[in-house]
Structure formats: structure tokens, C-alpha cells
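As a basis for the values below, the full set of heavy atoms in this structure was taken, side chains included, without hydrogen atoms, waters or symmetry mates.
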Amino acid sequence: METKVLTGSPYPLGATYDGKGVNFSIYAENADGVELCFFNKTDDPTESVKIRIKERTHQVWHVYVPGIHPGQLYGYRVHGPFEPTAGHRFNANKLLIDPYAKAIAGTLEWDDSLFGYEVGHEDEDLSFSTVDSAPYIPKCVVVDESFDWEGDKAPKIPLHKSIIYETHVKGFTQLHPDIPEDIRGTYLAMAHPVTIEYLKNLGVTAIELMPIHHFITDRHLKDQGLTNYWGYNSVGFFAPDVRYAAKGVQGEQVREFKEMVKALHQAGMEVILDVVYNHTGEGNQMGPTLSFRGIDNAAYYRLTEDPRYYMDYTGTGNTLNAMLPSVLRMIMDSLRYWIQEMHVDGFRFDLASTLARELHEVNKLSSFFDVIHQDPIISQVKLIAEPWDIGEGGYQVGKFPSGWAEWNGKYRDCMRDYWIGAESMLGEFAERFMGSSDLYQDDYRKPTASINFITAHDGFTLNDLVSYNEKHNDANGENNQDGESHNRSWNCGAEGPTEDNDINALRSKQMRNMLTTLLLSQGVPMLVAGDEFARTQGGNNNAYCQDNEISWLDWVSRDESLQKFTAQLIAFRKSHPSFCRRKWFQGMPIKGIGLQDIAWFLPEGNEMDDEHWQHDFARSLAVFLNGNGIRSLNDDGEKIKDDNFYILFNAHFETINYRLPSAKYGQKWTKVINTEYDTIDEHDTFGPEEEVAVQGRSIIVLKADSNIPNN
């Protein structure tokens with residue numbers, strides 16, 4: 001192998017192939033020395049070549065090696081003080097993953113040698129391990145970034161027209177009978193024509209993928225025969241995880257990811273990545289030394305006043321220090337890489353409040369937001385926050401800056417409470433249904449700031465939400481102590497599967513109620529994969545470690561009637577701009593009488609006043625949406641108009657007769673949705689002030705022509 005080396009360049013960081021050789025660059029501020037190690041094969045026990053890097057520019061170590069080609073395996077050994085009490089944990093006996101690696105070959109094989117200290121030593125993490133970890137750690141891969149995108153362009157679907165579909169690369173396709181078995185569970189399976197056709201027929205506009213950054217499985221899970229299925233344990237922020245590659249591990253995963261994005265874009269769908277920049281998979285002071293800890297512990301992590309220990313706002317043992325320029329640069333470089341090189345369309349930031357913490361408080365004017373806001377590339381894609389972490393003051397729903405959308409946990413809780421019959425104010429239900437103006441309007445944000453969801457990967461599926469009162473997480477090996485205990489769920493009369501036809505019919509209707517509420521609410525709806533056909537996890541509400549039939553979508557047993565209903569609902573939303581408005585309703589959407597664009601009614605047909613909103617026992621109300629009251633223009637500069645709608649909500653267990661409003665609201669009303677049934681079509685008509693019987697626990701949607709003059 002050619003071992004001649006040149007000075008190289010400090011930027012770009014990582015391994016960059018130029019057709020003649022590779023430039024290697026790594027940031028290690030407090031290091032005394034850095035060695036670049038080459039390997040011939042993934043299972044080689046030790047490096048074939050070791051190069052001592054001599055050049056250092058602004059804390060960046062760099063070297064250029066001619067004759068190196070894509071597919072070359074490499075890693076680093078970094079020298080420096082091993083002083084845990086001072087925050088330094090250098091140990092050159094540990095082979096380290098390049099933080100900027102574009103691909104990582106293979107997965108971690110757990111062994112005591114991966115730890116910087118002697119496992120079992122009485123001094124714990126203050127002891128020093130001299131055992132080489134190279135045989136057990138996956139190797140970085142030099143990649144060729146060239147790819148024929150065939151003119152690929154981002155769909156750039158406006159957020160108010162977006163319908164997000166959260167899914168898992170493996171779980172979505174692993175059991176699909178119409179996808180070739182050799183590619184199931186991979187990026188190529190997500191790009192398969194069967195997958196594309198299904199997603200197009202469903203009508204979603206954006207696929208939000210659970211973490212695909214290269215991650216590790218915790219040792220305690222591995223020892224129990226479990227795995228980190230969800231992937232919220234990143235160690236490579238530039239590398240698509242090798243587990244989802246079908247054809248190879250030495251760069252093929254990069255090409256296959258690009259093939260997936262290109263196929264989804266060609267079908268008119270966007271790709272959003274769930275990203276985890278708040279922590280890494282190295283855990284707390286007792287965790288392994290895999291990358292950042294050994295490269296420069298103090299330059300990557302938030303340490304406590306006693307720098308032996310880590311700040312933990314994430315519940316994972318550590319927190320990346322986004323206040324430091326080097327970490328902030330790495331996050332921004334990673335985001336830009338996924339946008340520019342991998343063509344993704346946006347990001348959902350896991351535990352985003354952690355990234356906003358300056359000292360201990362969450363500060364929405366932190367450097368993280370400042371840098372993103374001014375970045376001409378990152379600021380132009382979809383940015384979605386999970387607006388909480390586990391630290392003090394970490395629940396930040398409604399408090400992120402302009403330009404950000406948020407997972408609206410208050411929407412989830414309110415809608416669940418409403419449909420299970422829990423005590424909750426009608427006023428909050430109306431606020432959430434109309435886009436949560438109480439959370440977002442005062443900051444000059446739009447209804448699209450609210451990502452509405454009733455279920456997510458974390459928690460019950462929609463089917464389980466109406467089938468279980470309690471979590472059933474025994475398979476996780478934690479004595480059912482893990483996962484949320486307060487689920488706001490209702491089993492409709494029996495815990496788990498039942499042969500009772502009445503209970504099953506009620507469960508189906510409750511699922512239709514929640515899907516209808518979700519897809520007719522202002523804001524951006526997010527649907528979880530499989531909820532459209534009543535997927536179950538058997539009551540497991542924390543299936544993070546279940547890489548098996550508990551988590552994988554069961555395509556054979558799906559409820560096709562609910563699937564059809566969901567597709568019809570999505571098509572209905574898309575065809576009516578009344579349900580995806582870009583701007584707020586005028587005035588407070590739940591107060592006042594005779595608003596031009598919206599009005600709320602009691603079942604008796606009278607408009608609601610302030611007193612009615614305070615009743616926590618009331619379960620029934622109706623809302624009028626004026627199709628002429630949409631204060632937006634279309635792409636041609638013309639005023640957007642729609643039909644008038646009158647939506648009747650009845651979460652009470654008995655039938656209620658609703659009196660329709662006077663003729664000024666509509667001359668002729670046609671029933672278009674009734675969640676008592678599993679189809680959406682036009683049937684039955686009603687005149688002004690007629691009565692409409694709404695069955696217990698159901699929704700009826702009526703439509704009237706807004707072009708007919710009002711009296």
C-alpha cells in the first residue's frame with residue numbers, strides 16, 4: 001500500500017476523496033497526537049498501516065494520502081492525557097470512529113476492550129485500559145460521493161399542504177409479502193415500486209424516517225437478546241446506518257440511501273430525517289470509548305462542575321455541548337451534508353430543548369438557533385422540534401423561534417382526553433382543532449407551527465390506544481416498569497383483543513374519530529405508519545428494543561376498510577383548503593359571536609359564548625367554517641375559496657340531535673362524513689335549522705355551497 005503522505009488540508013473535515021487520493025481531517029483540540037489507521041478488511045484484528053499525523057491547523061489534525069480509494073477502511077487513535085477528573089479521557093489503545101465518517105462498515109461487537117477503563121476495576125472509570133479495541137469496533141469507510149441524481153429536485157411542498165408519515169425503514173418493509181425478500185427492511189425496500197405505490201395511494205406528502213444515522217445497541221440490551229430498534233443512540237452523524245443496506249457495507253449504504261430519496265422525490269414525496277444531535281451512544285462516565293470521548297471528551301460533551309461526570313438532559317447519560325463552536329459546526333456540517341449531498345427535505349430534532357440550553361435554562365435565542373436561522377441552506381428546509389427534554393424547564397411546547405414547527409404534545413393529550421371522555425375544557429379542544437393559536441400566534445407564527453399528532457412511535461399505536469387501559473411492556477425485560485403509565489387511553493370495555501362485536505365496532509369508530517379529528521384540524525397532521533390500518537403492538541407502548549413482529553408492520557392482517565377510510569380522509573383534506581389554512585382565523589378562534597370565518601355552536605343551534613367554554617363535562621359542539629373566509633391567495637394570486645362546512649362533534653355515549661344554524665350559514669347541507677361508517681361519500685341533505693342525529697361517539701361533517709348568497 002502507498003504510504004507516502006502530504007500535508008493535506010484542515011477542511012473539509014472527514015475523509016474526502018478527490019480522484020487521486022484522500023484528505024483526512026479531524027478536530028481534537030486537547031490532543032497531543034493523532035494516528036490514522038488503515039484496515040484491509042472489516043474483521044482485521046489490527047491496522048495494516050498507521051500514519052502519525054503531523055500537521056495541525058486551529059486544533060484540526062490533517063493529512064493527505066495519495067493512492068487511497070473509496071472503500072478504504074480506517075479509524076483513528078488519539079493521544080493525550082487520561083485524566084477523567086479533569087474531563088480528559090484520551091486512550092490511544094482505543095480505535096475511534098471519525099465523527100465525520102460518511103459510512104461505517106459493520107456494527108459494534110461488544111467487548112470489555114471498548115471501554116477506556118478496566119471493566120470491573122475497583123477504581124471504575126478512573127482506571128486505565130491497555131487492551132486494543134480495534135477487533136470489535138466498526139471501521140469508517142472512504143466513500144465516493146458521485147451519484148447520478150438524474151435531475152432530482154426537492155418537491156418543496158408547502159408546510160400547510162404537508163401530511164407527514166412517520167415510519168421506520170426496517171419495520172415498514174420487513175414483513176411486506178410483495179417486496180423481494182432479499183431487500184426487505186432496507187433503503188432499497190423503501191424505494192421499491194410497491195412501497196411507492198402504497199404511499200402515493202395513501203396520499204401522504206412526506207416520509208419522516210426514524211433515526212438512520214449510524215447508531216449502537218446498548219450493551220445491556222444486547223445481553224438480553226434485545227436491540228436498540230428505534231436507533232436513538234447515534235455515533236455517526238454523517239453515516240446512513242449500515243443495518244438498512246441491502247447490497248454491501250463499504251459505502252453501498254450511501255448509494256442505496258440516495259436511491260431511496262430519488263425514488264420518493266420522483267413520486268412527489270419529501271424525506272424528513274429524525275435526527276439525534278442532543279447526545280451520543282457513548283453514555284455516561286461508565287460508557288464505552290467509541291469516538292467523541294476518545295477524540296476529545298471535553299471538546300464535545302457538557303460536563304458537570306466535577307468534569308468526571310456528564311450533564312444529562314436526555315436520560316441517556318450524556319449531552320453534546322452545542323454551546324461549543326466545534327460541536328455547533330459539526331451539527332451544522334451534518335445538516336448541510338444531508339441536504340446537499342443526500343437531498344433530504346427536512347429534519348425532526350429529537351429532544352430539541354437540549355440543543356437550546358445555554359447554561360441550564362432553555363433559551364430560544366441560543367447560538368444553535370441563531371446559526372440555523374442565518375444559514376442559507378438549513379433555514380430553507382423543514383425544521384421540526386420535539387420541544388422537550390427531561391431537564392428542569394425542558395417542556396417548551398409553543399416556545400420555539402419563528403421558522404420552526406413543533407410536535408404539539410398538548411394537541412395529542414387534548415384529543416385523547418376528548419375522545420375517551422375525560423374531563424377537559426371544550427375551549428382547549430377548540431384551540432387545538434383550530435391550530436393552537438394560544439401557543440403560536442403571539443410569536444407571529446402560523447398554524448403550520450403545530451405538528452398535530454395523536455400517536456407517535458413512542459407510545460401506543462392508534463389501535464392499542466382504543467384497546468388497552470394499561471401498558472403491556474413485559475417483552476422489554478424491565479418488569480413493565482418502562483414506558484409512560486398515563487396514556488390517556490380507553491380499551492372500550494375489554495383489555496386487548498376480544499371477540500365482542502360491539503366492542504370491536506366501537507374501537508373501529510374511535511379510530512375513525514381520531515383520524516378524522518387529526519386530518520380536519522388546522523396545522524400539519526402527522527400519521528404513524530400502520531395506524532391507517534389498525535396496526536397493533538400488543539399493548540407495548542415503548543417498543544424501542546423490539547426488532548421483531550411487535551414493531552414490524554403486519555401487512556397481511558391489516559384492516560383494509562380503515563386503510564381506505566384514511567386514504568379518503570387524506571384526499572378530502574387535500575381537496576378542501578378550509579382544513580389547511582395558512583393564516584389564523586380572525587380574532588380568537590373560540591371567542592366572540594358572528595365571526596366572519598368561523599363560528600361555534602351548541603347542539604341546540606345557538607352560538608357559544610364564553611361561559612360555555614368553561615364546562616369540563618360538555619362533550620358536544622359544532623363548528624362552522626366559512627369557505628369565503630379563507631384569507632389567502634393561491635399561486636396565481638387569486639383568492640382561495642372553498643365550500644362551507646359544519647362539523648358536529650359528539651363524544652357523548654348517547655345520540656344527540658343537533659339543530660343546524662339559520663340559512664345565512666348555508667342553504668343546503670350535504671352529509672359527506674359520518675364516522676359511524678367506514679366510507680366517505682355524499683349522502684343525505686338537510687335544510688337550515690333542521691335536526692341532525694349524531695350517534696354517540698361520532699363525528700358528522702356537512703358541506704354547503706359557499707357561492708349561494710346568504711340571506
Output the distance between atom [atom1] ([X]) and atom [atom2] ([Y]), rounded to the nearest 0.5 Å.
X: Thr167; Y: Met210; atom1: OG1; atom2: CE; value: 8.5 Å
X: Leu569; Y: Thr675; atom1: CG; atom2: OG1; value: 9.5 Å
X: Ser508; Y: Asp678; atom1: OG; atom2: CG; value: 8.0 Å
X: Ile163; Y: Leu527; atom1: CD1; atom2: CG; value: 9.0 Å
X: Thr566; Y: Asp559; atom1: OG1; atom2: CG; value: 8.5 Å
X: Glu604; Y: Glu691; atom1: CD; atom2: CD; value: 10.0 Å

Next item on the list: Search all heavy atoms of Asn513 against all heavy atoms of Arg697 and return the closest pair with its distance.
Entry: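 Heavy atoms only, the tightest pair is ND2-O, 2.9 Å.
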
Next item on the list: Grab the two heavy atoms, one from Gln667 and one from Pro688, that are nearest each other, plus how far apart they are.
Entry: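 Shortest heavy-atom contact: O-CD, 3.3 Å.
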
Next item on the list: List the steps, then state whether side chain to side chain donor-acceptor pair (under 3.5 Å) holds for Ser620 with Asn650.
Entry: CA-CA 5 Å; Ser620 310; Asn650 182 18; 3.1 Å; yes

Next item on the list: Report the relative orientation of the aromatic rings in Phe645 and Phe572; use parallel for angles under 30°, tilted for 30 to 60°, perpendicular for over 60°.
Entry: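 Ring orientation of Phe645 relative to Phe572: perpendicular.
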
Note to self: Parallel, tilted or perpendicular: which one describes the rings of Trp555 and Phe172, with boundaries at 30° and 60°?
What the structure shows: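 Rings of Trp555 and Phe172: perpendicular, over 60°.
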
Look at [X] together with [Y] and state whether they make a salt bridge at an N to O cut-off of under 4.0 Å.
X: Glu423; Y: Arg619; result: no
X: Lys671; Y: Glu682; result: no
X: Glu560; Y: Lys564; result: no
X: Arg631; Y: Asp597; result: yes

Note to self: Around atom NZ of Lys156, are there more than 12 heavy atoms from other residues, nucleotides or ligands closer than 6.0 Å?
What the structure shows: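 Open: at most 12 neighbouring heavy atoms sit under 6.0 Å from NZ of Lys156.
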
Say whether [X] and [Y], considering side chains only, have a donor N or O and an acceptor N or O under 3.5 Å apart.
X: Asn408; Y: Ser436; answer: yes
X: Thr354; Y: Asn278; answer: no
X: Asp482; Y: Asn542; answer: yes
X: Asp681; Y: His683; answer: yes

Would you please indicate yes or no on a ring centroid separation below 6.0 angstrom for [Y] and [X]?
X: Phe624; Y: Tyr646; value: no
X: Trp407; Y: Phe349; value: no
X: Trp669; Y: Phe686; value: no
X: Phe433; Y: Phe649; value: yes
X: Trp404; Y: Phe369; value: yes
X: Tyr665; Y: Phe601; value: yes
X: His457; Y: Tyr232; value: yes
X: Tyr468; Y: Trp490; value: no

Margin query: Determine whether Glu689 and Arg659 satisfy the following criterion, salt bridge (charged side-chain N to carboxylate O under 4.0 Å, His left out), listing intermediate values before the conclusion.
Written below: CA-CA 5 Å; Glu689 301 184 43; Arg659 182 174 297 280; 5.3 Å; no

Note to self: I'd like to check Asn541 versus Asn487 (side-chain heavy atoms, cut-off strictly below 4.5 Å). Are they in contact?
What the structure shows: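 Yes, side chains in contact.
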
Check: Which is it for Ser485 and Lys471 under the side chain to side chain donor-acceptor pair (under 3.5 Å) test, yes or no, and what are the steps along the way?
Finding: CA-CA 7 Å; Ser485 296; Lys471 62 185 179 182; 3.2 Å; yes

